[in-house]
Structure formats: C-alpha cells, structure tokens
Number of protein chains: 2
Amino acid sequence: MTTIRRSVILHSRPQGAATLDDFAVVEHGIPALAEGEVLTRTLWLSIDPYMRGRMDDVPSYAPSVKLGEPMIGETVGEVIASRHAPFVAGQIVLGARGWQSHIVSPGAALTALPDGVPYSTYLGVLGMPGATAYAGLRDIGKPQPGETLVVAAASGAVGSVVVQLAKRAGARVVGIAGGVEKGRYVREVLGADACIDHRAVADLPAALREACPQGIDVYFESVGGAVQRAVYPMLNDFGRMVMCGMVAEYDDAEPAPGPNLRATFRKRLRIQGFIVHDRSEAIREWRAFAAPLLASDELRYREQVVEGLENAPAALLALIGGSNEAKVVVRVADPSPSRT
Amino acid sequence: MTTIRRSVILHSRPQGAATLDDFAVVEHGIPALAEGEVLTRTLWLSIDPYMRGRMDDVPSYAPSVKLGEPMIGETVGEVIASRHAPFVAGQIVLGARGWQSHIVSPGAALTALPDGVPYSTYLGVLGMPGATAYAGLRDIGKPQPGETLVVAAASGAVGSVVVQLAKRAGARVVGIAGGVEKGRYVREVLGADACIDHRAVADLPAALREACPQGIDVYFESVGGAVQRAVYPMLNDFGRMVMCGMVAEYDDAEPAPGPNLRATFRKRLRIQGFIVHDRSEAIREWRAFAAPLLASDELRYREQVVEGLENAPAALLALIGGSNEAKVVVRVADPSPSRT
C-alpha cells in the first residue's frame with residue numbers, strides 16, 4: 001500500500017478570473033487512522049461550478065477553502081483501511097471529500113454504493129447535481145402542464161435533469177446551451193422543445209421571444225449574466241426563478257448590477273435560492289426515484305471524463321468557461337483488480 | 001338629489017415625477033342606473049402608493065388608468081339609489097372604486113359595512129393595507145421568535161400593521177420611517193424595538209447594523225431605493241424579502257439597477273412579490289381577526305384625514321414623497337344627517 005497521497009491545493013486566491021496558477025499539486029504522507037476513521041483511495045472526483053466560489057474568501061453557505069489546503073469536492077472511493085466498523089477494505093463509498101488521491105474521512109460521512117450502475121453516476125445524475133434539479137423544481141420551480149420553463153446550461157449536470165423532469169411535468173422546455181452539438185443533444189436526446197445557442201445568436205432576447213411565445217413561467221438559473229438579463233423581463237405573472245448558480249459571474253471581482261425588483265410585485269414573482277444540502281431528504285428521494293429510470297434508460301445522462309487528478313484544475317476552469325460538454329468527472333484511479 | 005358628479009381624472013401621464021398638472025377635476029351628469037347597479041355617494045376615499053403605478057402606461061397586474069378617466073381608488077360610500085336587491089338607500093358600503101363624488105358600481109362588487117368602528121378603517125387598518133401586511137407575513141415573511149424583521153415605511157398603512165403583527169410573532173422589529181415624530185410613534189405606540197429615521201442618519205447601513213446586531217431575517221419592502229440597497233447585503237441565510245412596493249422609485253423614468261442575485265443562492269434567500277387581491281380570502285380572514293383587536297385597542301392605527309376630493313392629487317403626491325404622517329384618507333362627504 002502506498003504511503004504517499006497527492007493533493008491539489010488552493011495555492012492563491014483568484015484575482016478576477018481563476019487560473020491554473022491558483023492551484024498546486026503537493027505530495028504528503030498519509031496520516032495514521034484514528035478510531036472511527038476510514039481511508040479511501042479516490043476513483044472518481046466530481047467537478048462542479050460551486051467549487052469556484054469556494055476559492056474566494058467571501059461569506060457563503062460553506063467556508064472557503066483555506067490557502068494551502070486541498071480543494072473541496074465529492075468523490076467515489078475504494079476503502080483501503082477502516083477503523084469504522086461497518087466499512088471494510090474493497091468497499092466502494094461516496095462521501096469522502098477533497099481533490100486528493102487518498103482521503104481520510106469520518107466513517108459516519110460515508111455511504112456504501114451498490115453495484116449496478118457506473119459509480120461515477122453518483123457524482124452526477126444520481127448525485128448532488130441530479131438532486132439539485134429535482135429539489136429546485138419540486139420546491140420552487142413547480143412547472144405545471146402547459147407552462148414554459150427555460151433552463152440555462154441545459155446540457156450540463158443539473159440542466160440535463162431539469163430538462164427531463166420539466167418535460168415529465170408537461171411543461172414546454174427551452175434550453176440554453178453554447179454550441180451546436182449541445183443544442184442537438186438537449187433537443188434530440190433530452191427532449192427539450194427548443195434549445196438556444198447563446199454563442200451563436202446575435203440577439204438573445206429575440207431568440208427567447210421566438211422560442212417562448214407565451215413568455216416564461218419558470219427559469220432555472222445557473223449562469224447569470226446576459227442570459228439572466230434576457231430572461232427576467234420575459235417572466236410571466238407568478239413566474240419563478242430557481243436560483244441555483246450564476247457561473248458566468250463567478251470570476252467577476254465586483255458583482256454586476258442585477259435586475260430592478262419592481263417586477264417582483266408587479267408580476268408577483270418568486271426568486272429563491274437554494275442549496276440541495278439543506279434538503280438532504282431530497283437527495284435520498286431523488287436517488288430512489290431516479291435509479292430505476294436510469295436503469296431503464298428513461299433518464300438520460302452523459303459524462304465527460306477527464307483523466308488524472310492533476311488535470312482537475314483545468315477541468316474546473318473549462319467548466320466555469322462553459323467549454324465542457326457534459327457533467328465533468330475526473331478519473332483519479334481504477335478500482336482494485338479484485339473488484340473489476 | 002344632486003345630478004352632478006365630480007371626478008378627479010388622469011389628465012396626462014407623468015414624465016418622471018408626477019405633478020398636480022397630471023390631474024384635473026371635471027363635472028358630469030350621473031348616468032341612469034342599469035339593472036344590478038348601485039349608486040353611492042362617496043364618504044371616504046383611500047390614498048395608496050399603488051395609485052402612482054396606475055398613472056403609467058406600463059404592463060402591470062392591473063390596467064393603467066386611461067387618460068381622461070377617473071383615477072382608481074377604494075372608497076366607502078353611502079347608497080343613494082339601488083337596482084341591486086340587497087342594497088337600499090342609506091346603507092354604508094365598501095367596494096365602489098374611483099376618485100369621484102358619486103360612483104355607479106355593479107352591486108356584486110359592494111359589501112355592506114357594519115357600524116361599530118369608524119368607516120374609514122375599512123380603507124386602512126381593516127382594509128387592503130392591513131390585509132396586505134397580514135398576507136405578506138403569513139405567506140412569505142413568516143417571522144419566527146427571535147428573528148429580526150425590518151419594515152420600511154413603518155408608520156404607514158401597511159407598515160404599522162407589519163410592526164404589530166411581527167411583534168406578536170416574537171420577532172425583533174426594526175422600523176424605518178422619516179422623521180422624529182414617526183419614529184416615536186413606531187416605537188412607543190406600535191411597539192417596535194427600534195426605528196431608524198432614514199432622513200436623519202448620515203450612514204443608513206451603519207444605523208441598520210447597529211439596530212440589527214443579528215442581521216436581518218425578514219425585510220418587508222415598500223420603498224426600494226437606498227433602503228433596499230442598505231438592507232439587501234444584511235440579509236441572513238434563509239432571509240425573506242416580502243416585496244410589496246418600491247414607492248421611492250415610482251417616479252423614476254428608467255428603472256435603477258437592482259441587487260446582484262448571487263446572494264440568493266449563497267444565502268438561500270427568497271424574494272417574492274404579491275398582491276393582496278390575489279389572496280382575497282386573506283382580506284376576509286384579516287378583517288375577522290383584526291376587528292376585535294381594534295375594538296379592544298390591541299391593534300393600533302392612525303389616519304391622516306385630507307378634506308375634500310379636490311385635494312386627493314396633492315395627498316397622493318405627498319404620500320409618494322413620504323411626507324404623510326400615517327394612513328391617508330380623503331373625507332369626500334359626510335354621511336346623511338339621518339345616519340349621524
């Protein structure tokens with residue numbers, strides 16, 4: 001068993017746009033396990049937009065990553081040593097957090113994963129991003145038959161689930177995604193009624209008006225910026241904005257002005273942010289609901305696999321820049337031969 | 001019986017700030033009643049901030065007042081002729097709408113008022129403004145014991161009820177009101193824990209920080225502008241903004257930029273607008289709840305009486321400018337001698 005672990009740490013806080021220089025790869029020994037702890041070898045690391053926010057020293061729902069400490073992130077790992085009774089070497093678990101080749105976790109934070117679907121799906125469609133789509137629609141967006149829902153980053157980890165759930169709810173679904181191929185995927189595979197390529201259209205408001213002739217009832221927000229400015233005036237009476245993220249603005253050193261809020265009472269709008277971790281029961285509910293749909297191919301997903309922990313920083317920067325194709329996961333290592 | 005009615009009409013649409021020249025007083029004959037209609041003689045006219053919005057030709061939850069037509073407004077009137085069976089001359093009714101000395105209404109729109117409390121209270125503390133405070137707190141603000149609630153225009157028709165209901169809910173209540181006398185009333189009569197004079201303080205954010213050492217959980221918004229800009233960054237996690245109005249911005253020709261919405265997911269904020277007329281059951285509920293409290297003096301209110309229909313325009317402009325002292329009602333006429 002190796003006694004070295006590799007970590008990707010936060011080397012410096014971004015000034016404006018984050019760069020590769022803000023990260024560093026370091027190697028350390030692996031500490032001995034205390035009672036109740038479990039050591040995992042990371043197989044898959046999830047790359048998600050919220051990680052950019054943790055690089056800044058700004059008050060938020062979760063503490064910032066400290067300079068010199070490993071970046072935060074969800075992983076799937078294989079247990080290689082355990083001082084927490086339920087876990088034994090060789091098990092595959094969810095819940096160890098960090099951009100690290102090996103992670104020491106409190107055993108109570110871990111969940112054993114069943115075989116049956118690819119482990120990486122527990123970081124995407126079956127994991128936090130899928131549950132985010134589910135909880136945001138269930139508790140805030142509440143799309144109704146015949147309503148129009150617009151979702152930003154529609155081919156992404158959260159957006160691709162939003163598209164499919166909103167279609168199941170009977171809504172007209174208009175995706176926004178950058179690039180021809182993403183648009184085709186959103187329409188033809190995920191089933192959206194339309195998908196706007198925000199990079200290709202010269203006039204986003206006009207494109208939205210054409211795609212949403214009845215206005216917009218629900219906007220699932222994850223990008224902010226120009227898309228938010230185009231959508232907001234098109235919200236119908238009793239419109240809902242499900243505020244999940246604003247990735248296009250995460251590199252802004254100063255927050256840009258937002259929308260004037262007079263429309264909120266003129267149109268009785270609801271603008272509400274949420275974090276799926278506040279609704280942990282939603283994650284369990286979603287997993288129970290979605291796993292059979294995934295197995296029967298009624299719920300579609302795709303992943304973009306990045307090879308190697310050292311490439312996680314570039315993967316995050318690409319995600320923030322919108323050049324990813326789908327949910328991004330980093331393959332850190334393969335399972336032990338005895339498992340494959 | 002007079003056959004002339006006086007009306008205050010919208011003479012021109014405001015360009016920026018509304019002025020007295022945007023109104024005109026006209027006299028016309030009173031049309032004959034059709035079957036089902038009721039003619040009332042107006043006793044009290046309510047003056048409310050929303051009226052300013054109806055002077056603009058902007059899409060909203062209710063149509064604009066047309067040029068040359070009477071301004072909209074709630075009244076208490078005395079029936080002087082009826083072709084709607086339940087109503088007879090001499091009854092006092094709520095529901096006739098318009099800045100007019102005499103109003104022809106469909107009988108179905110009217111509600112007979114009992115004696116017992118001053119009729120004008122049905123335009124204020126027992127009426128739409130009181131019910132607005134009640135519904136906004138019940139459905140959106142939901143103040144909890146120990147939370148901090150801030151309410152703008154705290155001495156006004158809506159705000160004065162918000163203060164009292166939030167105190168009953170166990171919240172720390174901080175009012176914002178312009179002027180020493182209003183602040184004294186908000187603290188000593190309505191029972192707020194503190195009241196900030198936004199005209200007197202040089203540094204509104206600092207004054208809010210001092211008055212709200214635990215941050216702000218609920219903001220009941222009716223003014224917008226500088227107060228909104230000061231409150232928004234102080235909202236706590238899971239904070240709620242009850243969007244009722246933004247009177248300080250109603251004269252703006254172009255909407256000012258609003259707050260950046262990144263805080264909505266960082267702090268899981270809920271920003272929601274509402275109109276009490278969408279929740280008509282709330283008006284009935286509120287009246288049933290509040291009338292006994294009013295009778296026993298557990299619910300406090302005050303009114304500023306403006307004499308004469310022709311002074312309604314100046315009363316509205318003063319209200320928009322914030323120089324009113326309390327809920328504003330116009331005494332248009334006295335009840336018939338037989339009733340007094």
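Chain A is the first sequence line, chain B the second, and so forth, proteins listed ahead of strands; every chain is numbered from 1.
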Does the pair B:Asp251/B:Arg52 count as a salt bridge with the N-to-O cut at 4.0 Å?
yes
From B:Tyr50 atom OH to B:Leu319 atom CG, the distance as rounded to the nearest 0.5 Å:
11.5 Å
Among B:Pro255, B:Pro257, B:Gly258, B:Ala256, who wins on heavy-atom pairs under 4.5 Å with chain A?
B:Gly258
Please classify the contact of A:Glu221 with chain B as side chain, backbone, both or neither, using a heavy-atom distance under 4.5 Å.
neither
Assert top hit (heavy-atom pairs under 4.5 Å, partner chain B, pool A:Ile140, A:Asp237, A:Asp278) equals A:Asp278
For the interface with chain A, which of B:Gly53, B:Gly245, B:Cys244 has the highest count of heavy-atom pairs at distances below 4.5 Å?
B:Gly245
Can you tell which part of A:Tyr250 gets under 4.5 Å to a heavy atom of chain B, answering side chain, backbone, both or neither?
both
Taking C-beta and beyond as the side chain, do A:Pro129 and A:Asp48 meet within less than 4.5 Å on heavy atoms?
yes
In Å, rounded to the nearest 0.5 Å, how long is the span from CD1 of B:Ile47 to CH2 of B:Trp99?
4.5 Å
Using a strict 4.0 Å threshold on nitrogen-to-oxygen distance, state whether B:Arg229 and B:Glu249 make a salt bridge.
no
Between CG of A:Asp139 and OH of A:Tyr134, what distance do you get to the nearest 0.5 Å?
8.5 Å
Let me know if B:Val242 has heavy atoms under 4.5 Å from chain A in its side chain, its backbone, both or neither.
neither
Segment of A:Leu261 engaging chain B (4.5 angstrom heavy-atom cut-off)
both
